[in-house]
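Below you'll find the structure, written out as structure tokens, and then a few comments.
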Amino acid sequence: MYEGYESDMITTSVTLAGVQFKNRVLVASGTYGYGDDTIELVDVSKLGGIITKSLSMKPRDGNPPPRIVETAGGMLNSIGLANIGVHRFLTEKLPFLRTLDTAIIANIAASSIDEYCNVLDALEAEKGINGYEINVSCPNVKEGGLSFGTNPTMVEEITRRLRSRTKKLLSIKLTPNVTHISEFARAAESAGADALSVINTLIGMGVNIHTRKPMLSTVTGGLSGPAIKPVALAKVYEASKAVKIPVIGIGGIMNANDAIEFLMVGASAVQVGTANYIDPGAGIKIAEGIRVFCEAHNLSDVGDLVGSLDAKTEFSAISSWL
Amino acid sequence: MYEGYESDMITTSVTLAGVQFKNRVLVASGTYGYGDDTIELVDVSKLGGIITKSLSMKPRDGNPPPRIVETAGGMLNSIGLANIGVHRFLTEKLPFLRTLDTAIIANIAASSIDEYCNVLDALEAEKGINGYEINVSCPNVKEGGLSFGTNPTMVEEITRRLRSRTKKLLSIKLTPNVTHISEFARAAESAGADALSVINTLIGMGVNIHTRKPMLSTVTGGLSGPAIKPVALAKVYEASKAVKIPVIGIGGIMNANDAIEFLMVGASAVQVGTANYIDPGAGIKIAEGIRVFCEAHNLSDVGDLVGSLDAKTEFSAISSWL
Amino acid sequence: MIQSLCTVHNVEQVAENIFVLTFISPHIASVTKAGQFVNIRVAEGVEPLLRRPFSVCRTEGECVEIIFNVVGKGSSVLRKKQSGDLIDVLGPLGVPFSLFEDDFDTGVLVGGGLGVAPLPISTATLVARQKSVSTFIGSRSKRQLVKNHLVNVHVATDDGTEGLHGTAVDLLKKHSDEYRYRRPKIFACGPTKMLHAVAAFAIANSIPCEVSLEGPMACGFGICQGCPVELVGAERKYALMCKEGPTFDVRRIRI
Amino acid sequence: MIQSLCTVHNVEQVAENIFVLTFISPHIASVTKAGQFVNIRVAEGVEPLLRRPFSVCRTEGECVEIIFNVVGKGSSVLRKKQSGDLIDVLGPLGVPFSLFEDDFDTGVLVGGGLGVAPLPISTATLVARQKSVSTFIGSRSKRQLVKNHLVNVHVATDDGTEGLHGTAVDLLKKHSDEYRYRRPKIFACGPTKMLHAVAAFAIANSIPCEVSLEGPMACGFGICQGCPVELVGAERKYALMCKEGPTFDVRRIRI
Ligand SMILES: Cc1cc2nc3c(=O)[nH]c(=O)nc-3n(C[C@H](O)[C@H](O)[C@H](O)COP(=O)(O)OP(=O)(O)OC[C@H]3O[C@@H](n4cnc5c(N)ncnc54)[C@H](O)[C@@H]3O)c2cc1C
Ligand SMILES: Cc1cc2nc3c(=O)[nH]c(=O)nc-3n(C[C@H](O)[C@H](O)[C@H](O)COP(=O)(O)OP(=O)(O)OC[C@H]3O[C@@H](n4cnc5c(N)ncnc54)[C@H](O)[C@@H]3O)c2cc1C
Ligand SMILES: Cc1cc2nc3c(=O)[nH]c(=O)nc-3n(C[C@H](O)[C@H](O)[C@H](O)COP(=O)(O)O)c2cc1C
Ligand SMILES: Cc1cc2nc3c(=O)[nH]c(=O)nc-3n(C[C@H](O)[C@H](O)[C@H](O)COP(=O)(O)O)c2cc1C
Ligand code: FES
Ligand code: FES
């Protein structure tokens, strides 16, 4: 590394579990549809990757309105995983996605382990998908609706079952609504996950005090956006300290500086979610902003930022007196 | 209830475990010092109650700077429970607090169960304290710094030990950094707690990307302020559904509308924290705002708001597909 | 649909608490059809975090007008914009009113409160296509009434300070002779309660009717699934308000 | 210390990216002592959430002046305040410089960058008490230099565009003959690095010295414990910057 380092010589790409990403910025599941709604607005091929909306076996209508409410620095959603189902995805969306020059990760949601497997099998049969992200923040019908993602044994079992069915990139998307996310990170790693996606939304709610009704039809929903960034950073830090596999950082990333914070605490890549609603080109701008930061700091590879936090103190989520 | 209901006939007071609060708005621990710093600015006797900064047996210096950082809609802190210790509190602060016409709740923090007991014993010996709030978000030295508050057995044991030593109001302040706060709520209730204080701060962190250092000297800290209100509401809703004892709602309350949301989801009273830094009179304004809301809605008692949420759906923190 | 930084031309108060903001966008001004909307990022930062959708009220040359009343975070910020400020606008979005079809001769425009927003641009389209126009608007009082750029206007106010003492729907019923025998089609925008009444009236009288809906949106163009509208007896349960609306034939949806 | 809504008198640019905001507060104007600060709620809502502390720069009649450069959320909002706007001000806060003591004859004022903020009010006090004043200020360049309301000023710039090509500390050393035999006491404000150097110089030369510190604050008056300053060899480890500072004798603290 020397002063006049050529900007075009900065390595932005990264290979995770055999998949090459042209940069470390992906768009998060549920915040970019199936990648085909923004083509009038942005050159989506400039993204590191696109994670699809969660796909279930059958199409899902989703929850009744209201599904969205803005909060201080964030938003709550209760979409109910509305999606077109894996088969319509394969026939109606995948052909277009194949034309893009970016990594395509299919996100899978299900209400039973068998459903996870069936959706994955359906996707495995087709070309054009680079890997899978598994949304474990789904109610496990067998256990009375308790989320898979809050039970480490379930996370381990889902991972093991899916691992045995695919050699493609398999990332488990963890929920932050647990005491020790490291426990879940280790469970997924031990069962063969290639990566972890951290975090999904925080559980939250709001009340319309005039009608006395919850702001969301389902009472509680998922909190996302800048408000959750500090929590997401702490979870990514905790998870990435606990495992050797790469962690993909998610939560409240609005600009390149936010993304760089995630890289520094240990994320190998990041996903941009809520920011896409405000600026559908956010992901591309963030990727470019990270590159410019590296240039300014004479780094030859964006990867040099990963885990570069200068923290003398040990991980203190638990041991510091708050 | 009829149209021309007299405003001065609205009941604002409430008795919880024998302690009368003139209104349902208290100031939260660590956000109002020992109640003596704001006397030039506001008439603190108009508050429903004052919760002291957490008191430990010996004085605590607290953590090195930086201890504070602003985030989107919130702030992170890592004070390290800096406090003057219970003995100086009794001699230097309590005499003044006794002169106030408001409820005084001493908040206790400790690194061992014995320390919790010793602090409580020291406080029991003196007049002028109406009750105790127990901060269980403290590292348990015996268990290598794991927080007491993330282990239901510990919460139960602390509650039981303290319950046997006092007949005064005993509220256990729960941490939100757990999978199921209801489990902790029930543990505290079964061990004899009179009330629950919900929530303490969320674990979060921030990075200064220019220095690559954590924003807080302890790496992670506690997130508070409006950003966490949706999470706090969901936790209060979950906790209050799980127990019969009153829940005191805390988290991001900035104005009367926020406080009313907490009452509606099931809180019997609320605490105002971060808002005090921005407006030391916030608690009093909020109490007045709640009264005005009741007046406008022809309610004769602020208590009519408590748990008045009109939610057809069952508690769905877990069962809704996020 | 494009995303672009547009220059604010001016912000003008037109009634009590009601403002018209004009911004410059040759593209949006030229392609927007009546009933479409724009999604505006009113501020950088998080207050407010999300864009705010506004019906296009009128276009003229390179200028686009929106009309709004100041109720919350977004509108308070917009109100303070000054000539020359830049705003980030996404649009035009959504499905327009079907003003270009030949299944009607008289456009019956109904607006309640700020539901008048899409009526000026609708009027311009109808007039250009030489359709008859009957307009019925209601507001709380004379002070909140906005009648600019409308034709053949009947007015109602809740407090009777101008026009009929009643609602836009009362007007619609009262003056039905004006349009009912002239192949009418109703285009309505306003509070849900009003749309409900308009739809009931239209269905009872077999008058074709489209309404423009409002509701929470995160993205405004289909990537969040945040804006479901319940469909009647369709193969799907919900349509997306932003992408398949905000205008809907009343027979398709449950308002 | 009072909390009150104060009317903004005006905001004026005084150098590159540097502004002076004047607000009206008879109380704060009359009781504030040099080195004290005010804590301003720059906006309602959450952007920014916390108040922002600013040294009082000068008072005149009922007016209070602060000086700031636009670096982030708070200062960007403040810069746009207009005459007549109201701001919520808490103050005066903190412990002033000990300008009223008799342990010195010459006040040596040192300011780096926006560290000049408390120097005008300090100058006024010293002049009124008929002390000698020597002033040393440094800035990045001539364009960021603010010399108003100071006396006997020596200037340094990092880029040499005005005065000495160097720092305020270089000036302080260079011109030490001006004050060293006249019972000096140094009062300094500026970046930590500069204060460090000033303190080292003062201690090495046995000149009494007070510095005004800066750092993150949540409340500004003692209720959050968020602003520790490390003490040297005291019975306690930390003092609170807001309540026991922001001015400290350099021998008391670890900068
Ligand atoms: C397709 C579409 C087109 C639109 N077109 C227009 C238009 O042309 N003109 C226009 O003005 N708006 C229009 N809107 C609405 C607009 O997008 C904003 O919602 C509106 O301007 C308010 O935004 P805000 O940020 O100012 O208020 P927000 O801060 O979002 O808050 C809304 C206000 O409503 C209040 N509120 C919410 N619920 C209740 C309740 N139950 N009781 C009492 N108060 C409540 C809140 O207190 C708040 O003051 C449209 C919306 C859509 C979806
Ligand atoms: C007692 C006291 C007195 C003060 N007096 C004055 C005064 O008289 N005048 C004055 O201007 N200020 C003064 N300050 C500082 C002032 O309170 C604000 O911190 C300052 O105005 C910036 O606030 P902001 O909201 O504009 O910036 P913020 O939004 O709070 O951000 C601060 C800026 O610093 C940047 N930043 C932070 N860390 C780094 C880093 N490591 N590298 C690069 N950039 C970084 C951020 O990007 C941001 O732009 C004083 C502070 C104290 C405690
Ligand atoms: C409206 C909305 C819908 C979402 N849908 C999904 C989904 O289908 N599957 C999933 O795994 N995550 C989903 N998420 C979570 C995001 O992918 C992301 O983890 C979360 O929003 C945090 O990132 P952010 O703060 O950048 O938005 C959704 C988020 C939002 C806001
Ligand atoms: C600076 C700071 C210090 C705090 N200190 C304590 C403490 O000593 N003991 C405690 O139980 N809670 C402490 N808290 C937590 C608050 O009492 C409250 O639970 C939390 O801040 C959430 O409420 P809020 O969002 O209204 O601030 C502290 C919070 C802050 C911001
Ligand atoms: S608002 Fe996002 S899909 Fe309609
Ligand atoms: S800033 Fe709160 S104690 Fe100093």
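Lettering follows sequence order; numbering is per chain, from 1.
- Here A/Ala227 is the residue among A/Gly74, A/Ala227, A/Ala232, A/Gly30 with the most heavy-atom pairs under 4.5 Å with chain B.
- To the nearest 0.5 angstrom, B/His210 atom NE2 is 5.5 Å from A/Asn257 atom CG.
- For A/Leu309, the parts lying under 4.5 angstrom from a heavy atom of chain B are both the backbone and the side chain.
- With a 4.5 angstrom heavy-atom cutoff, A/Leu233 touches chain B via backbone and side-chain atoms both.
- At a threshold of 4.5 Å between non-hydrogen side-chain atoms, the residues B/Met205 and A/Pro230 do not count as touching.
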**OP:** Could you walk me through whether B/His180 and A/Leu146 pass side chain to side chain contact (heavy atoms under 4.5 Å, CB included), step by step?
**Re:** CA-CA 11 Å; B/His180 303 296; A/Leu146 265 179; 4.0 Å; yes
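- Only the side chain of A/Val265 has a heavy atom closer than 4.5 Å to any heavy atom of chain B.
- Contact annotation for B/Ile209: both backbone and side-chain heavy atoms come within less than 4.5 Å of a heavy atom of chain A.
- Side chain of B/Thr179 to main chain of A/Thr150: no donor-acceptor pair is present (N/O by atom type, distance under 3.5 Å, no hydrogens or angles).
- Only the side chain of A/Thr71 comes within contact range of chain B, with heavy atoms under 4.5 Å apart.
- With hydrogens and angles ignored, the 3.5 Å screen pairs no side-chain donor or acceptor of B/Thr220 with any backbone N or O of A/Ala234.
- For the options A/Asp258, A/Val207, A/Val178, heavy-atom pairs under 4.5 Å to chain B are most numerous at A/Val207.
- Looking at B/Ile260, both its backbone and its side chain come within 4.5 Å of chain A, counting heavy atoms on both sides.
- Going from atom CZ of A/Arg212 over to atom CD of B/Glu261 covers 13.0 Å, rounded to the nearest 0.5 Å.
- Looking at A/Phe262, neither its backbone nor its side chain comes within 4.5 Å of chain B, counting heavy atoms on both sides.
- Among all heavy-atom pairs drawn from A/Pro214 and B/Asp310, the shortest one is CD-O, 3.5 Å.
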